[in-house]
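Each remark here refers to the structure printed beneath this line.
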Amino acid sequence: MRRGIERRTNRGGFTLIELLLVMVILAVLAAVVVPKFVGRGEEAKVSATKAQIALIKTSLDLFEHDSDRFPTSEEGLKALSEKPGDLSNWHAYMDSVPNDGWGNPFTYRSPGENGKSYDIISFGPDGHEGGNDDITN
């Protein structure tokens, strides 16, 4: 019976020093790794927004090919998924218009600035026009 008791008392757990050392190692790793992944998330949103703009541009080109015009600013991008007026050759070009990488709707203007047929604009992470974070076609 004494052997059983001796075995239990000889079993040791982790010491406080060992636990603190492991916690310090984990904190150092987190301090190095987490910032790298945080920056990647923002880059992924920018890339996704650019890809969505490219998809919208393709749909707008198809709309223009079928209707001989681009949607007006008043019709907006909604014209790609819901028939505006009585266009005879209209097709559903998108099931629904996606939002940008931050969950905000795109802004559409036709005619666009600088002689472009249209502008597709994401106001970026801040959701407001202007600044260096806007993404356009």
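It should be emphasised that the depicted structure is a prediction, and the values quoted were computed from it without experimental measurement. Values reported hereafter were calculated over all heavy atoms of this structure, with side chains retained and with hydrogens, waters and symmetry mates removed.
Heavy-atom minimum distance, Ser117 versus Phe70: CB-CE1, 3.4 Å.
Of the inter-residue distances, the one linking Asp119 atom CG with Asp134 atom CG reads 11.5 Å to the nearest 0.5 angstrom. Here the CG atom belonging to Leu60 is positioned 8.5 Å from the CG atom belonging to Asn137, to the nearest 0.5 angstrom. The CG atom of Asp95 lies 8.5 Å from the OG atom of Ser81; values are rounded to the nearest 0.5 Å. Atoms CG and OG1, on Asn114 and Thr136 in that order, are 9.5 Å from each other to the nearest 0.5 Å. Atoms CG and OG1, on Leu77 and Thr107 in that order, are 8.5 Å from each other to the nearest 0.5 Å.
No side-chain heavy atom of Phe123 sits less than 4.5 Å from a side-chain heavy atom of Asp100. Annotation: side chain of Pro111 is not in contact with side chain of Tyr118 (no heavy-atom distance under 4.5 Å). By the 4.5 Å heavy-atom criterion applied to side chains, Ser110 and Thr72 are not counted as neighbours. When side chains are defined from C-beta on, Ile135 does not count as touching Ile121, because their heavy atoms never get closer than 4.5 Å. A 4.5 Å side-chain heavy-atom check between Met94 and Ile56 finds at least one atom pair inside the cut-off. Looking only at side-chain heavy atoms (C-beta outward), Leu87 and Glu75 stay at 4.5 Å or farther from each other. Side-chain contact check for Asn104 versus Asn99: every heavy-atom pair is 4.5 Å or farther apart. Looking at heavy atoms from C-beta onward, Gln52 lies out of side-chain contact with Ile120 at the 4.5 angstrom threshold.
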Could you walk me through whether Glu129 and Arg109 pass the salt bridge (Lys or Arg N to Asp or Glu O under 4.0 Å) test, one step at a time? CA-CA 13 Å; Glu129 187 170 10; Arg109 296 179 187 142; 3.0 Å; yes
Carefully, step by step, assess Leu62 and His91 under the rule side chain to side chain contact (heavy atoms under 4.5 Å, CB included). CA-CA 9 Å; Leu62 291 171; His91 302 283; over 6 Å; no
Apply side chain to side chain donor-acceptor pair (under 3.5 Å) to Asp66 and Tyr93, showing your working. CA-CA 11 Å; Asp66 291 343; Tyr93 303 95; 2.8 Å; yes
Apply side chain to side chain contact (heavy atoms under 4.5 Å, CB included) to the pair Val46 and Glu43, showing each step before the final yes or no. CA-CA 5 Å; Val46 169; Glu43 289 175 20; 5.7 Å; no
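Within 6.0 Å of CD1 in Ile17 there are 12 or fewer heavy atoms belonging to other residues, nucleotides or ligands. Around the CD atom of Glu18, the shell of radius 6.0 Å holds more than 12 heavy atoms that belong to other residues, nucleotides or ligands.
A donor-acceptor distance shorter than 3.5 angstrom exists from the side chain of Ser122 to the backbone of Gly124, with no hydrogens or angles considered. A donor-acceptor pair under 3.5 Å is formed between the side chain of Trp90 and the backbone N or O of Ala79.
Remark: Pro125 pairs with Glu42, Trp102, Asp133 by the side chain to side chain contact (heavy atoms under 4.5 Å, CB included) rule, at least two apart or across chains. Legend: residues meeting ring pair (Phe, Tyr, Trp, His ring centres under 6.0 Å) with Phe106, ordered by chain and number and at least two apart, are absent.
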